[in-house]
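Structure, as structure tokens:
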Amino acid sequence: MSAADVVAAVTDPELPMVTLAELGIVREVREDGDGVTVAITPTYSGCPAMEAIRDDIVTALRGAGFGRAEVRTQLSPAWTTDWISESGKAKLAAAGIAPPGAAPRRSAGPVPLALGLPVESVACPQCGHAETERISAFSATACRELRRCPSCREPFEHMKEI
Amino acid sequence: MSFDDDAYGALTDHADDARWAYGTGFADPLAGVPTAVPDGIDRADLATYCLMLGDDALIMSHRLQQWVTRAPELEDELALANIGLDLLGQARLLLTRAGEVENAGRDEDALAYLRDPTAFRNVRLAERADEDFAHLVARLLVFSCWRLPLLDRLAASRDPVLAAIGAKGVKEVTYHREYAAQWVVRLGDGTDLSHQRMRAAIDAILPLAAELFEPHEAEVRLAAAGVAVDPSVLRGEFDAAMAQVLEAATIETSEKTTDATARRPDGEAQGGQAQGGPAYDTGSGRSGRDGVHGPELTEILAEMQELARALPGGVW
């Protein structure tokens with residue numbers, strides 16, 4: 001198994017249904033001699049899972065027989081939910097978390113300020129109903145919001161586009 | 001060893017050093033980020049600048065965290081905790097960068113936990129205690145309406161670390177600003193009582209905005225070198241966003257944000273006294289950027305630094 005395969009298969013500590021590769025945070029895996037250097041991108045500035053992710057990568061590489069494993073942080077370019085793979089989105093949906101749509105495109109000039117609720121169609125991951133409503137802009141983590149479905153009446157989480 | 005066996009032992013288990021809290025051995029948030037300083041940039045100025053923006057985020061984050069268990073609804077505690085966590089993340093990156101550039105052996109822990117109030121470089125808006133929820137959202141709105149265009153411009157900095165922090169932070173402060181703005185509108189355009197209290201909060205907080213746009217000499221030099229953002233250029237974008245929110249909130253403030261005389265520090269002292277806030281040393285024209293703070297910062301640091309000061313270097 002190559003180092004890249006080992007790293008790609010490590011799962012996210014907070015979203016264990018998806019791998020780091022599917023989450024789109026692995027920027028580079030380089031083998032040199034008996035060692036491996038991995039570059040990962042933080043999802044959010046304050047994401048408390050980053051240290052756990054670094055640890056999990058090193059543990060997985062050592063377990064696969066690689067002698068030296070170094071994980072470095074690559075801050076730029078900033079992570080976007082557009083880097084989550086199609087299989088990653090499918091796994092999020094299967095776990096009851098509505099996957100993000102396309103990240104908002106930024107036009108030139110000041111960042112626009114939205115005062116109303118965001119107009120977006122997030123389908124219910126339980127019953128598939130197309131229109132759902134926001135309960136709260138934040139859930140247990142910054143990357144997810146709470147929504148509810150008017151059809152099946154179930155609350156669910158949605159990973160926000162960023 | 002796992003948490004199930006021994007929660008305290010697991011914290012110092014070398015096989016898993018991912019537990020993150022003071023005294024458990026922080027990981028370097030810049031781990032592996034190239035840390036060279038581009039040619040022609042004054043290291044002392046750059047360190048000072050990183051401290052300014054880092055301290056703003058750290059102190060604001062601490063104030064936001066104080067609302068956890070006190071917010072009107074559970075959803076707002078989640079929101080404020082998450083916004084505070086974003087700012088704490090920005091603070092960790094900036095303080096680590098400040099320590100590296102300064103090259104005096106201070107890491108993020110030393111800078112956050114072992115400095116005295118006069119060594120903090122945050123704007124005084126960040127340290128202000130919130131009298132009620134309206135004051136909090138007013139303060140978060142003003143802070144975000146200023147920090148967003150700042151980070152947006154910082155993304156073009158010649159310093160690659162500041163540029164990366166800026167590009168990342170823009171995405172985060174965009175939704176911080178939306179959260180604050182939507183609450184200001186909801187309360188301002190709500191009942192008579194909520195309108196009255198939201199308006200009082202805006203009137204109390206707006207005078208503190210003046211300091212945000214007064215450039216420090218280090219900022220001016222670094223801005224000329226293409227590294228920092230001269231905050232005076234942010235005024236137009238700030239005013240436009242504030243006007244958009246206040247109009248939707250049906251709040252006509254008695255404090256004209258564009259009137260220079262209304263933003264003078266002596267006006268701030270009077271407003272602060274009238275609202276029961278602290279009197280700042282404003283006669284000298286020096287600001288939080290120079291280490292001049294109100295007693296509220298001392299209170300914050302007494303709480304935040306207590307453990308680190310009582311047990312220097314303690315690990316458990």
Side-chain angles (χ1 to χ4, degrees), chain A residues 13 27-28 37-59 62 70-81 103-104 106 108-118 134-146 157 160-162, chain B residues 15-20 26-34 57 61 73-76 78-93 145 148-149 152 155 160-161 163-165 167-175 177-179 181-182 185 236-237 240-241 244-245 248-249:
Chain A
R27 299 267 66 79
E28 185 186 15
T37 305
V38 182
I40 56 173
T41 305
T43 50
Y44 285 72
S45 298
C47 179
M50 289 312 293
E51 279 94 14
I53 290 172
R54 275 205 292 253
D55 245 32
D56 290 347
I57 290 174
V58 170
T59 304
R62 284 188 186 147
E70 186 187 336
V71 182
R72 57 183 191 83
T73 308
Q74 184 175 326
L75 294 178
S76 180
W79 180 79
T80 161
T81 43
R106 171 86 189 277
V111 180
L113 170 56
L115 289 181
L117 286 175
R134 173 188 271 188
I135 300 172
S136 168
F138 297 88
S139 178
T141 64
C143 61
R144 288 174 273 171
E145 67 171 340
L146 277 178
E157 287 188 309
K160 290 179 285 186
E161 298 79 17
I162 190 169
Chain B
D16 181 3
D17 58 0
R19 313 291 176 204
W20 186 64
F26 278 94
D28 170 6
L30 283 178
V33 173
S61 170
E73 295 174 337
L74 178 61
E75 286 78 5
D76 291 293
L78 290 174
L80 296 169
N82 276 305
I83 292 170
L85 185 60
D86 284 342
L87 291 172
L88 186 64
Q90 294 175 19
R92 293 188 66 198
L93 293 166
C145 282
L148 180 60
D152 196 23
V161 178
I165 292 169
K168 187 81 200 163
V170 163
K171 295 181 173 207
E172 295 165 352
V173 180
T174 295
Y175 59 74
R177 188 179 66 167
E178 279 176 9
Y179 172 83
Q182 287 168 8
V185 171
E237 208 169 309
Q244 181 192 350
V245 176

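Chain letters run A, B, ... following the sequence lines, proteins first and then strands; every chain starts at 1. Note that this is a predicted model, so its numbers are computed, not measured.
Contacts of Asp86(B) with chain A are made by both backbone and side-chain atoms, with heavy-atom separations under 4.5 Å. Interface residue Pro42(A): only backbone heavy atoms are found under 4.5 Å from chain B. Looking at Ala114(A), both its backbone and its side chain come within 4.5 Å of chain B, counting heavy atoms on both sides. In this structure, chain B has no heavy atom under 4.5 Å from any part of Pro104(A). Only the side chain of Leu148(B) comes within less than 4.5 Å of a heavy atom of chain A; its backbone N, CA, C and O stay farther away. Looking at Ala140(A), only its backbone comes within 4.5 Å of chain B, counting heavy atoms on both sides. At a 4.5 Å heavy-atom cutoff, the contact between Glu237(B) and chain A is made by side-chain atoms alone. For chain B, the nearby part of Thr43(A) is the backbone; its heavy atoms alone come within less than 4.5 Å.
Between Glu51(A) and Arg92(B), at least one side-chain N (NZ, or NE/NH1/NH2) sits under 4.0 Å from a carboxylate O, which counts as a salt bridge.
For the pair Glu178(B) (side chain) and Leu115(A) (backbone), a donor-acceptor distance under 3.5 Å is absent.
Between the CG atom in Leu85(B) and the OH atom in Tyr44(A) there is a gap of 11.0 Å [rounded to 0.5 Å]. The NZ atom of Lys168(B) sits 8.0 Å away from atom OG1 of Thr41(A), with the distance rounded to the nearest 0.5 Å. Asn82(B) CG to Arg144(A) CZ: the interatomic distance, rounded to the nearest 0.5 Å, is 9.5 Å.
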Carefully, step by step, assess Leu93(B) and Leu75(A) under the rule side-chain contact (heavy atoms from CB on, under 4.5 Å). CA-CA 10 Å; Leu93(B) 293 166; Leu75(A) 294 178; 4.2 Å; yes
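Heavy atoms only, all atoms of each residue included: Glu75(B) and Ile135(A) are closest at OE2-CG2, 4.3 Å. The heavy-atom pair separating Leu78(B) from Phe138(A) by the smallest distance is CD1-O, 4.0 Å. Residues Thr80(A) and Lys171(B) approach most closely at CB-NZ, 3.6 Å, considering heavy atoms.
For the set Glu145(A), Met50(A), Arg106(A), Glu70(A), the entry with the most heavy-atom pairs within less than 4.5 Å of chain B is Arg106(A). No other option in Gly109(A), Ser139(A), Ser45(A), Ser76(A) has as many heavy-atom pairs under 4.5 Å with chain B as Ser45(A).
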